[in-house]
Amino acid sequence: MLILNHTIAGDACTIYFPERRSELAGFRDFLAQGDKVLGLDTETTGLGIYEDGFECRLVQIGNGREAWVLRVDLFADVICEALRQNRHFVVHNAAFDLQVIDRTLGVKIEELADRVFDTKIFAHLLDPRMKSEGGAGLRLKELSEIYVDDTAPDTEEGLSSIFSKLYADWKKTVSKETVDAHVRKSGKRPHVSYGFANIKIDHELYVRYAGLDVILVTRLFYELAPTIKDLGLNPLSKFEHHLQGLLCVMQRKGMKLDVAYIHQLRLDLQKEHEDYALVAKRYGVENINSTDQVADALLGMGETLTEKTDGGKWKVDKAVLSTLADLDREWERIEARDPNPLADAVMRAKRASKWQTSYVDAFLDYRDPDDRLHASINGLQARTARMSVSRPPLQQLPSGDFKIRRAVVADPGHVMISSDYDQIELRVLAALADVKAMKHAIETGVDLHGYTAELVYGPNYTKFHRKLMKGTGFGKVYGGGAETLARQTGAPMDGVKHAIAEYDRVYPEIKRYSKKLQSRAEFGKKEVITVSGRHLPLDRDRLYSATNYVIQSTARDILAQAIVDLFDAGLGDYLLLPIHDELLAQAPADVADEVAAEIGRIMSGMFYGVPLSSTGEVTGRNWGAAYGADPMAGIW
DNA sequence: ACTTTCACG
DNA sequence: ACGTACGTGAAAGTG
């Protein structure tokens, strides 16, 4: 047995790495000590839990002084037995380990999730900011440095040089295609993922860091848990832990891909990219993704550029290019000028390549052997607690064109269901700020922006008046001003200023509410507290964002509660993905209408005197079906 | 590592 | 005093 000593915060700690079953007696004694909470962690071959070839190599169990690093290939039964004991564990980022253990060891999420504390959830509730934003950060390393031992090693970075060498050696022995495929799947630091899969399982540093992580996470738990309690955050913490378990179940289920369709789409996008890149090349742009080249070529053609980026370079984003290409937001001709063919080609080539690399290739890279996608759902990500989805980013698939979403299909015999909240952010604002007239309009079920336009411009208001009021409402939610609104709507500055003033006149409570939040933050702690008790830190020079933070965060909590409610109602098995104000689901075709109606019903309800509404709709065989003509209509 | 761009709510 | 658009994930270029 390998036994390693390490000092953490002045305390002598021991890491045990048994290599045969006869050496497990000490582990059984350790378990029998009866620690109320044990640290838990896993070491795996990578991040793609459901992808081909994924393995869990080590499971570490320990407390603040002692860690047992257990080889899964030798001791899976002993590990499972320990995990099934009726006791609590503490994990950093439990969503990952819960699914690893479920998939590779068979201890299900449902068995373990409610007995797990997650220090990442604790840390987010105490300060949701990343280190780069001035917060404590959310990584184990960053938190350990602050709360446990400021000399705690960065376990991943410590292994990085070893991984680099392993990776370099491996690259010499395999084809370029193999390396390229690995780079694509593993992201920015391919050597790291290569190393985690291939470092010798008894490498001393690997074993040491594996053990240290559970000692650190246990100590972190004992530092953070009392603070959570003292701040009255126990109920919120309990809610977030429960939600996380449900989101893990959603992720484990995943969603089916239409791979034949994806391959064809990939070829189409590749051709589109190549064709338009060739056009751009004729105007001297070798690389359509180089903003410098594009700007130079456009200036060389005699175009005038007006906007600069923060870095002082010519801005050539989609807004700039579309004006030159004489295209509106829907890519239709405006007929305001002769379209610049380079601007047009760059826009189209960039769109095709982005769609291919970010979505279509990612679908193929991240799928499991059954062609299902298990995108990673982070239930508690943004400063406002909004959820995020990555690998691939399913919350960001193009919405104006069905092409990409069409690749995601319901299971055989099932159809897709979507249910989104109607104007949830504006309704949350009406509720929290107690905006009398707005609440009245929402209650009576009239078109809210039309109602506002009528209040301001009278019964003969125009479509543009309505658009302006809708935009002003957005401005209120985001904390924007006249200039931005003018840019967004294309309305003249004085009209916009008048619109905002009128908005404040008919809904005076909004301004009062924003002022109240800001002045509280100005004279007290630089934070706002939501009705769920969540503390949201503010940047001292951006106190105006207080209103937006409260609204966005509250809307998120409402969606989170809906997920819990849907699981409680027995509908969890139908759910596929949260998308901020929407839930994507699927159900067998013969019951889909009922399931959709029930989802909509459960998502709807009163919030501080304001009705929230959502209608579940059956959209079709695939996710794209609701967005446009379904080319496969009738085939299923 | 940082910047720019683009996809979403 | 004034006004400030909010929150993400990811690819790719640049230095």
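In the text below, chain A, chain B and the rest are named by the order of the sequence lines, each starting its count at 1. Only heavy atoms go into these numbers, but all of them, side chains included; no hydrogens, no water, no symmetry mates.
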With sequence neighbours left out, write down each residue that passes side-chain hydrogen bond (donor to acceptor under 3.5 Å, both in side chains) with A/E502, or none if nothing qualifies.
-> A/R505
Kindly state which residues belonging to residues 277-300 of chain A come within less than 4.0 angstrom of DNA chain C, counting heavy atoms of the residue only, listed by number.
->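 Here the set is A/N287, A/N289, A/S290, A/D292.
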Name every residue in residues 494-510 of chain A that has at least one heavy atom under 4.0 Å from any atom of DNA chain C, in order of residue number, or write none if there are no such residues.
-> none
Convert the base pairs of DNA chain C into dot-bracket notation, remembering that pairs crossing earlier ones are written with [ ] and that bases paired across to another strand are shown as |; include only Watson-Crick or G-U pairs under 3.5 Å.
-> .....|||||||||.
All pairs passing ring-ring contact (aromatic ring centres under 6.0 Å, His included) where residues 542-563 of chain A contributes a residue, at least two apart |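 ring-ring contact (aromatic ring centres under 6.0 Å, His included) check on residues 542-563 of chain A returns no pairs.
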Contact span of DNA chain C against chain A, any nucleotide atom under 4.0 Å from a heavy atom, 5' to 3', runs C/dT4 to C/dT14
Can you list every pair that meets side chain to side chain donor-acceptor pair (under 3.5 Å) and has a residue in residues 345-366 of chain A, with sequence neighbours left out?
->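 For residues 345-366 of chain A: A/R184-A/D365, A/R266-A/D361, A/D344-A/R348, A/Q356-A/D361.
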Starting at CE of A/M347 and ending at C1' of B/dA7, how long is that distance when rounded to a whole Å?
-> 14 Å
Are any non-hydrogen side-chain atoms of A/L298 and A/L321 less than 4.5 angstrom apart?
->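 Answer yes - side chains close enough.
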Residues that [X] engages under side-chain contact (heavy atoms from CB on, under 4.5 Å), provided they are two or more places apart:
| X | value |
| --- | --- |
| A/N93 | A/A95, A/F96, A/K120 |
| A/V477 | A/E425, A/L426, A/L429, A/N548, A/I551 |
| A/T309 | A/K313, A/K315 |
| A/D422 | A/R427, A/S613 |

A/R405 side chain to A/P398 backbone, donor-acceptor under 3.5 Å =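 Checking the backbone N and O of A/P398 against the side chain of A/R405, a donor-acceptor pair under 3.5 Å is found.
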Mind checking the P distance from B/dG9 to C/dA5? Whole angstroms is fine.
->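 About 22 Å, rounded to a whole number of Å.
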Got a sec, which pairs hit salt bridge (charged side-chain N to carboxylate O under 4.0 Å, His left out) with one end in residues 375-384 of chain A, sequence neighbours left out?
->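 Residue pairs with at least one partner in residues 375-384 of chain A: A/E133-A/R383, A/R383-A/D539.
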